[in-house]
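Take a look at the structure set out below.
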Amino acid sequence: MKTNLPLFDPQLVKPALVQSFVKLSPQAQWRNPVMFVVYIGSLLTTGLFVASLFDASYAGTEGRAFILAISLWLWFTVLFANFAEALAEGRSKAQAASLRGLKARTWAKKLHEPKHGAQWHPQPSDELRKGDTVLIEAGDMVPLDGVVIEGVASVDESAITGESAPVIRESGGDFSAVTGGTRVLSDWLVVRVAVNPGESFLDRMIAMVEGAKRQKTPNEIALTILLIALTLVFLVVTATLLPYSIFSVEAAGAGTVVTVTALVSLLVCLIPTTIGGLLSAIGVAGMSRMMQANVIATSGRAVEAAGDVDVLLLDKTGTITLGNRQAASMLPAPGVSEQQLADAAQLASLADETPEGRSIVVLAKTRFGLRERDITALQAHFVHFSAQTRMSGVDFGDAAAPNRSIRKGAGEAVRAWVETLGGRFPSEVNDAVDQIARRGSTPLVVADGARVLGVVELKDIVKGGIKERFAELRRMGIKTVMITGDNRLTAAAIAAEAGVDDFLAEATPEAKLKLIRDYQGEGRLVAMTGDGTNDAPALAQADVAVAMNTGTQAAKEAGNMVDLDSNPTKLLEIVETGKQLLMTRGSLTTFSIANDVAKYFAIIPAMFVGVYPQLSALNVMGLHSPTSAILSAVIFNALIIIALIPLALQGVPYRAIGAAALLRRNLLVYGLGGLIVPFIGIKAIDWLLVVLHLV
Ligand SMILES: Nc1ncnc2c1ncn2[C@@H]1O[C@H](COP(=O)(O)OP(=O)(O)OP(=O)(O)O)[C@@H](O)[C@H]1O
Ligand SMILES: [K+]
Ligand SMILES: [Mg+2]
């Protein structure tokens, strides 16, 4: 769904123009204090103009045409700022719409009971509710985001990810989430709907780009406060100029008092309208750029935090590796046959819905010819895998084998288990565990009661191209840490292969959470990418939390971004986009404030030349007349907003150079540029007004 819209696409410009006028409502204007001042100024000067029309003997110091021109250009200033925001929102909405197109109303097969084979009836997707179960068969569209509770099927997610290869979705484990709008290609799934219509992460993101619902980020609030403070200062300064001017004229007994129109013009030129008018467009555009990278951000704050990330934590399985760990070999303990080990491993996995568990059943069947057995007929009770116990297995309750328990799981977990039962962990098994782990595979030890039977090797593959990208993150000053529930040796092997800076092994969900809090305690901003349900608490705690689209619903709900490509190195783009957002805002703020200097030179002499003729010495720009000077400054002030829209929407070019160097460069370009450009611009406009005989 990578869409690259031209900046001023007519399809976007037209609705944005309409929105510019819709946004003239006081409620919309009030949200932006700087522009609200301009808005009031526009109303005021318009009022003055209308009043002058009704005053037949009008003899103001300035012509009616001047007041009209100023009030029109003030309205343009407000409209241009509205346009910038509307255009940014329109672009985001267009991108969102291409996703929303996926959410077309479809018919779902709503099951009467949550199991395959139960009765179903057709129901429109927008009438489904969270908790409903639906049957999705080959060729059917997934009606809403949900969790697979039964079945395995291949799913075409290309509409969302742009990736044409189908993916497998299955119950249990980290591949159980399905996204509304994707299509089941083969087989069937029973899916429990996880969200109400209109509440999926896609909907939340669409709601966010719809301006009103976008929360201001803390940085934006801080900047807005600064802008309000500046506005207030200038408001007070300009307001005192009027009595001051009256007093000066009276004292001198000559000269002309400054007019309200000139004062409003001065105020508008001095307050930071450029950044004030573009601020919200910059924020919206940041989210758009995330979407262009196929990342859906559900929080503007996260987009911004991404620009300052210091540490990136990554989950191993499913994030750094492909994540469908498959049983590849069985290494029995001394005195145990392969057949015995395979038999116990299969028994412990019959009801294990995780990809690991299922692959063990398959390996036992294909390699050792063991047929699947019915766990209920065996009167056995399945013990689910949890990230806490790091084991799963089966307990038998029948008379033939009372109290028989089989467990499979992480080496240390099974060691502790057999030792509490009075058993012993053979050193040969220990060696096998280490050997498997050093290859980067996950060892699963199988024990029948207190007796250790051997080890199953689960293989996983590191995703391609990861090492180079992590090196790039390092150059940007970001530390990468892999966290995994796997043992140290496996973790070390995968860490080396993937090229991360550090790793934390045998991590429980609490340990992951604690690691994040520790880093945050040191004042660092933490990003986390993960896919599993057991990553959800950590994702919720991280400042920037990127859930893999292939991950579970819980992970996606806990995160504040979803990467549709499920690519852990996407953080590189995410960080760049965040940095670009911060830089764009900083640059335009610098530019906006530097701009004021030239406007002082244009307007102050023009305004007070009536009181102090010697001020004309300050008219360094050699502007035609006081009225043309004021009008030129106001016109420039409006046009600069339009001129900077491309920069606000596309962002200033990002370079991977140090923060200090970047700051210096930006101060130079945008500070100096902000000083010089208006001198040239105002002079040019003044000249044009003269040439066209408008003043
Ligand atoms: N189905 C299962 N049955 C028994 N044990 C399992 C099963 N799946 C995993 N384990 C064991 O539990 C350990 C921790 O689980 P898992 O790898 O899912 O943790 P994690 O914290 O999600 O780490 P990551 O996903 O980063 O590797 C695994 O290393 C493995 O030894
Ligand atoms: K201004
Ligand atoms: Mg995991």
Side-chain angles (χ1 to χ4, degrees), residues 34-35 37-38 77 81 172-174 227 230-231 234 265-277 313-321 323 325 327 345 348-349 351-360 382-394 407-414 433 436-437 441-446 455-458 460 482-491 494-495 503-512 529-536 538 548 551-552 555 568 591-596 598-599 603 633-634 636-638 640-641 674 678:
V34 177
M35 293 314 293
V37 170
V38 185
T77 313
D174 290 349
L227 297 183
L230 276 174
T231 306
F234 288 124
S265 306
L266 175 68
L267 176 62
V268 169
C269 286
L270 293 188
I271 63 176
T273 47
T274 317
I275 184 65
L313 306 182
L314 306 107
D315 160 64
K316 175 178 77 75
T317 314
T319 304
I320 290 183
T321 66
R325 286 186 288 201
S349 307
D352 187 350
E353 286 285 331
T354 64
E356 290 84 353
R358 233 187 325 263
S359 79
I360 290 174
F382 178 64
V383 179
H384 283 274
F385 168 71
S386 88
Q388 286 296 341
T389 61
R390 275 183 243 178
M391 288 195 298
S392 59
V394 64
R407 290 290 180 276
K408 65 171 200 290
E412 286 312 304
V414 175
V433 164
I436 291 171
S441 296
T442 298
L444 277 195
V445 178
V446 182
V455 195
V456 180
E457 173 178 13
L458 300 173
D460 199 357
M482 182 184 90
I483 38 178
T484 175
D486 247 327
N487 67 79
R488 274 196 68 81
L489 289 173
T490 307
I494 299 287
F503 66 87
L504 177 72
E506 294 176 343
T508 56
E510 290 79 45
K512 294 182 183 184
T529 52
D531 71 323
T533 301
N534 58 355
D535 298 323
M548 304 283 108
T552 60
F591 187 88
S592 182
I593 291 172
N595 245 279
D596 288 352
K599 291 173 204 158
I603 295 196
V634 169
F636 176 84
N637 191 58
I640 196 72
I641 295 181

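Order of listing sets the numbers, starting from 1, for every ligand and every atom in it. What you see is a predicted model; the values in this text were computed from it and never measured. The figures that follow rest on heavy atoms only: side chains count, while hydrogens, waters and symmetry mates do not. In what follows, residues are counted from 1 in the order of the sequence shown.
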Element-labelled atoms of ligand 1 that are located less than 4.0 Å from some non-hydrogen atom of Asn534: 19 (O), 20 (P), 21 (O), 22 (O)

Where ligand 1 meets Thr354 - atom numbers and elements under 4.0 angstrom, heavy-atom basis: 1 (N)

Side chain to side chain contact (heavy atoms under 4.5 Å, CB included) partners of Pro355, counting only residues at least two apart: Glu170, Phe175

Part of Leu444 within contact of ligand 1 (heavy atoms, under 4.0 Å): side chain

Ile483 heavy atom under 4.0 Å from ligand 1: yes

Pair Ser592-Asn595, side-chain donor/acceptor within less than 3.5 Å: no

Under 3.5 Å side-chain donor-acceptor pair for Thr321 and Lys316: no

From CG (Leu270) to OG1 (Thr273), nearest 0.5 Å: 9.5 Å

Rounded distance (nearest 0.5 Å) linking atom OG1 of Thr442 with atom CD1 of Ile494: 7.5 Å

Ligand 1 contact by Met482, heavy-atom criterion under 4.0 angstrom: no

Close-contact set for ligand 1 against Ser392 heavy atoms, below 4.0 Å: 2 (C), 3 (N), 4 (C)

Under-4.0 Å heavy-atom contact with ligand 1, by part of Lys512 that carries it: side chain

Lys512 and Asp535 ion-paired at < 4.0 Å: yes

Option with minimal heavy-atom separation from atom 18 (O) of ligand 1, where the choices are Glu356, Arg325, Arg390: Arg325

Subset of ligand 1 atoms that lie under 4.0 Å from at least one heavy atom of Ala410: 31 (O)

Residues which pass side chain to side chain donor-acceptor pair (under 3.5 Å) with Thr274, listed by chain and number, not counting sequence neighbours: none

Distance filter under 4.0 Å to Asp486 heavy atoms, resulting ligand 1 atoms: 28 (C), 29 (O)

Distance-only polar pair, side chains of Thr319 and Asp315, donor-acceptor under 3.5 Å: yes

Ligand 1 versus Asp315: contacting region, heavy-atom distance under 4.0 Å: both

Side chain, backbone, both or neither: the part of Asp352 lying under 4.0 Å from ligand 1 by heavy atom: side chain

Per atom 23 (O) of ligand 1, closest listed option by heavy atom (Ala413, Gly485, Ala511): Gly485

Residue part near ligand 1, for Thr317, under 4.0 Å between non-hydrogen atoms: both

